[in-house]
Amino acid sequence: MFRFEGKRRAEIKRRLLAIDSWLDDAVWSLTPAATRKWDAVCAAFDRFRVRGWRRWLAEGLGETLTLGAAGAVLVMALATPAFRETGDDWLNRGDISVTFLDRHGVEVGKRGVLQNDGIPLSEYPPHLVMAALATEDRRFYSHFGIDVLGTVRAIVENARANGVRQGGSSITQQLAKNIFLTNERTIERKIKEAFLALWLEHHLTKDEILKLYLDRAYMGGGAFGVDAAANYYFGKSAREVTLAESAMLAGLFKAPTRFAPHINLAAARARASVVLDNLVNSGMMTEGQVQVARFNPATPKPIVQASSPDYYLDWAFGQVRQMAKDGAFKGQRVLVVRTALDLAVQRHAEAAVEQMLRQYGEQYEVDQAAAVIMEPSGAVRAMVGGRDYGQSQFNRAVDALRQPGSSFKTYVYATAFASGKFTPDSVVNDTGICVGNWCPRNYGRKFAGRVQLQTAYAKSINTIPVRLALAVDQRNVISLAHKMGITSKLDVGRAFALGVEEVSVIDHTSAYATIANAGRRATPYAAIDVLDSKGDLLWRHDRDTSPPEQVLGPHVVADMDRIMLAVTEAGTGGRARLDGYQVCGKTGTSQSYRDGWFVGFTGSLVGGVWFGNDDFTMTKEMTGGSLPAMTWKEIMAFAHQGLPPRPIYGLPPPPSTPQAVAQAPAEGEAAVPRSRNLTDGAARVLNDIVSDVASAGGPKPERASLVLPAAGAAPAVATR
């Protein structure tokens, strides 16, 4: 065996020596050949060798190409980050500007940036355009996006002053910064600004660039663009500004805060005088033409606005902004939105909340409240997010999550009825029940024995919904609550059926509106229609939204309406009764009296009211049937002035109501009567006027209100 191993090693050595010998021979043979080839290449290139001035020319061209290639790579490296800022929607960047109208088309407030790009450049006064050019960029129409002479001059002046005294940015560069970049003072930003200025010059005409600059430049006071600034400072359109006003506006481009006339009028007038000097020095106007403006400087006239429904507008603006992100408005950024807001109801709701807190706040040891009033379709008529927007902008109607207490039982009963196992007449034992070591107790600490579900709901008995939730599975209750409108997270738990999970006022109200809307999902919304700055219709709710989902079946709606009516007729919600109207609702009181609720509806409107403390401290035994129900009644009594009683879907109409059958409300028309002799639009306008006159305390109309007749019946007239 050892002999065999020795022979194999000897053979390996022999083969390795053979390979080494072959490599040495190959290298020795190739070296002379390679040398001859290299000599041939050198000889060939010797033919291109030049001497004298030709050599220096060739060297210069070679270095130029080398440096040019390196420069091109550097430029591309610097330009790429800048060009990444551009995209398909580059012109639509920035926040939206929204003017809000109430349901009758009356302006009630603004949100977002104050901007209007609906005025063509040709309609701006010539002296306004010249003032901007003379002050910001005199060579605007002659340079290629970067004013080289202006940049050099600014560098020299700044070097002499040993600081920043002048800016060398052209109007195109400033527009690039406004659209794509921030105000940070860095070399990187200036490089991006230069490249983006060239990009803008390539893609837009000079007039388009100037128009965008006049529309997008920040002018102080939240105003973007000269037209918004003219309205903000002088109460007029930019089409109507005088030379003195134009000079003051042009002086705002560089330092809108320092020269804002409502902050420092003297500084604003001094800056306007400099602008007039620029007009003369640039040759655009003569001294004689500007003399009148010098002797009669502009005086700002700030627009004094009445108090606006700020909680409502904040919420509505959030909805509109999300719709804009979703592309609902075709990229338009300046919008006019007509909302479902009823300003009279809004103001009365605010006053009612404040009055109740002043009168009963100390008694119940409660200091905050929130309310939402909407149509059964989801159109929000009024919103109170707290007692004082000036002290706290936190919207308790939208952003606060609080325990609904017994008002959450509505979802438990609805799930029970939807399961087909229970009806309002079903009898369940009200006796002690324990889930683990937790044993719920009733409000009066007594048990009623065998009781119908309608009575259990009306009296807000606690043990019954616990049994129902276990019988139908709590997960099914959660699923139905989410389908009806609750968006907050709900978890299975022992006390789940008694409302220990948290909901918002607007979600809770919209979920109840699903019942009022004949079982159709009632998503809360503010915008009825949206126009652009030119008045063209961009979006309309009844046209551009999907039909509501049918969440509850007709029998479930009828059963729920029946037991909810019993709450106000013979249960815990008696203080919410309205004379002449059927009221369905539910009270709610959370653990330790921290939250009090009343959520309910009539045939026309749905409302939710919450009372509590921001720090979650206990109230002094305030229940949902006390202050919340009283406030609900105060608001709804006012909101129903001039509205004929409308039957609730699934319930027989009260004797005083002329309709024979309760009609399911059409979306957006929860309280809009119709007539044989008037179109739907005319009837809507007529009844809105009647409602507003009555709400404002005016004389009641002598003529009867027009109402919707039952199918196949003659038009009925509701007398007062």
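Between Ile171 and Leu133 there is a side-chain heavy-atom pair separated by less than 4.5 Å. With a 4.5 Å cut-off on side-chain heavy atoms, Tyr124 and Val241 do not count as touching. In this structure the side chain of Glu208 reaches within 4.5 angstrom of the side chain of Thr205, judged on heavy atoms. Within the 4.5 Å cutoff, the side chain of Met383 has heavy atoms near those of the Val398 side chain. With contacts defined as side-chain heavy-atom distances shorter than 4.5 Å, the pair Lys211/Tyr213 does not qualify. Contact of the Glu549 side chain with the Arg520 side chain is not registered, since no non-hydrogen atoms from C-beta on lie closer than 4.5 Å. Residues Leu313 and Phe317 have side chains not in contact (no heavy-atom distance under 4.5 Å, counting atoms from C-beta outward). Counting heavy atoms from C-beta outward, Leu265 and Arg269 have side chains that approach closer than 4.5 Å.
Across all non-hydrogen atoms, the minimal contact from Ala522 to Gly378 is CB-N, 4.1 Å. For Ser488 against Glu502, the heavy-atom pair with the smallest separation is OG-O, 2.7 Å. When every heavy atom of Ser273 is checked against every heavy atom of Arg294, the shortest pair comes out as OG-NH1, 3.4 Å. Listed here is the closest heavy atom pair of Ser169 and Gln173: CA-OE1, 3.4 Å. Among all heavy-atom pairs drawn from Gly145 and Thr172, the shortest one is O-CB, 3.8 Å. The shortest non-hydrogen separation linking Ala131 to Val275 is CB-CG1, 3.9 Å.
A salt bridge links Asp491 with Lys489: at least one charged nitrogen is closer than 4.0 Å to a carboxylate oxygen.
Distance CG/Asp24 to CD1/Ile19: 12.0 Å, rounded to 0.5 Å. One distance of note links CZ of Arg543 with CG of Leu537; it measures 5.0 Å at 0.5 Å rounding. Going from atom OG of Ser170 over to atom CD of Glu136 covers 10.5 Å, rounded to the nearest 0.5 Å. The distance from atom OG of Ser533 to atom CD1 of Ile119, rounded to the nearest 0.5 Å, is 9.0 Å. In this structure, Phe144 CZ and Ile146 CD1 are separated by 5.0 Å, a value rounded to the nearest 0.5 Å. From Ser97, atom OG reaches atom CZ of Arg111 across 11.5 Å, with rounding to the nearest 0.5 Å.
Between the side chain of Arg396 and the backbone N or O of Gly385, at least one donor-acceptor pair lies under 3.5 Å. Judged purely by atom type and a 3.5 angstrom limit, Ser504 uses its side chain to pair as donor or acceptor with the backbone of Asp507. His203 places a side-chain N or O within donor-acceptor distance of the main-chain N or O of Trp199, the cut-off being under 3.5 Å. At least one donor-acceptor pair closer than 3.5 Å links the side chain of Tyr312 to the backbone N or O of Val380. Side-chain atoms of Glu63 do not come within 3.5 Å of backbone N or O of Gly60 as any donor-acceptor pair. Proximity of a side-chain donor or acceptor of Gln393 to a complementary backbone N or O of Tyr389 within less than 3.5 Å is detected. Looking only at distances, a side-chain donor or acceptor of Asn395 sits under 3.5 Å from a matching main-chain atom of Tyr311. A donor-acceptor pair under 3.5 Å is absent between the side-chain atoms of Tyr218 and the main chain of Ala255, judged by distance alone. Side-chain N or O atoms of Gln319 include one that pairs as donor or acceptor with a backbone N or O of Ala526 at under 3.5 Å. Judged by distance alone, the side chain of Asp227 and the main-chain N or O of Ala238 form a donor-acceptor pair under 3.5 Å.
Surrounding CZ of Arg239 are more than 12 heavy atoms belonging to other residues, nucleotides or ligands, all under 6.0 Å away. Taking a 6.0 Å sphere around CZ of Arg15, one finds it holds 12 or fewer heavy atoms contributed by other residues, nucleotides or ligands. Within 6.0 Å of atom CZ in Arg258, 12 or fewer heavy atoms from other residues, nucleotides or ligands are found, so the atom counts as exposed in its surroundings. Counting heavy atoms of neighbouring residues, nucleotides and ligands inside a 6.0 Å radius, atom NZ of Lys206 exceeds 12 of them.
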Yes or no on side chain to side chain contact (heavy atoms under 4.5 Å, CB included) for Phe329 and Ile96, after CA distance, side-chain angles and deciding distance? CA-CA 11 Å; Phe329 309 133; Ile96 58 176; 5.6 Å; no
Set out, in order, the CA-CA distance, both residues' side-chain angles and the distance that settles side chain to side chain contact (heavy atoms under 4.5 Å, CB included) for Asp473 and Val477, then state yes or no. CA-CA 7 Å; Asp473 194 330; Val477 178; over 6 Å; no
Going through the checks in order, is the salt bridge (charged side-chain N to carboxylate O under 4.0 Å, His left out) test met by Lys534 and Asp536? CA-CA 6 Å; Lys534 299 177 182 177; Asp536 296 329; over 6 Å; no
Do Asn281 and Arg138 pass the side chain to side chain contact (heavy atoms under 4.5 Å, CB included) test, and can you show the C-alpha distance, the side-chain angles, and the key distance before you say yes or no? CA-CA 10 Å; Asn281 296 335; Arg138 299 180 187 180; 4.2 Å; yes
Take Thr339 and Leu101, measure what side chain to side chain contact (heavy atoms under 4.5 Å, CB included) needs, and give me the verdict at the end. CA-CA 6 Å; Thr339 68; Leu101 314 178; over 6 Å; no
Show your working on salt bridge (charged side-chain N to carboxylate O under 4.0 Å, His left out) between Lys236 and Glu245 and close with a plain yes or no. CA-CA 11 Å; Lys236 62 175 68 174; Glu245 293 166 344; 3.2 Å; yes
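A cation-pi arrangement is not found for Lys110 relative to Phe100, the charged atom failing to lie both closer than 6.0 Å to the ring centre and inside a 45° cone about the ring normal.
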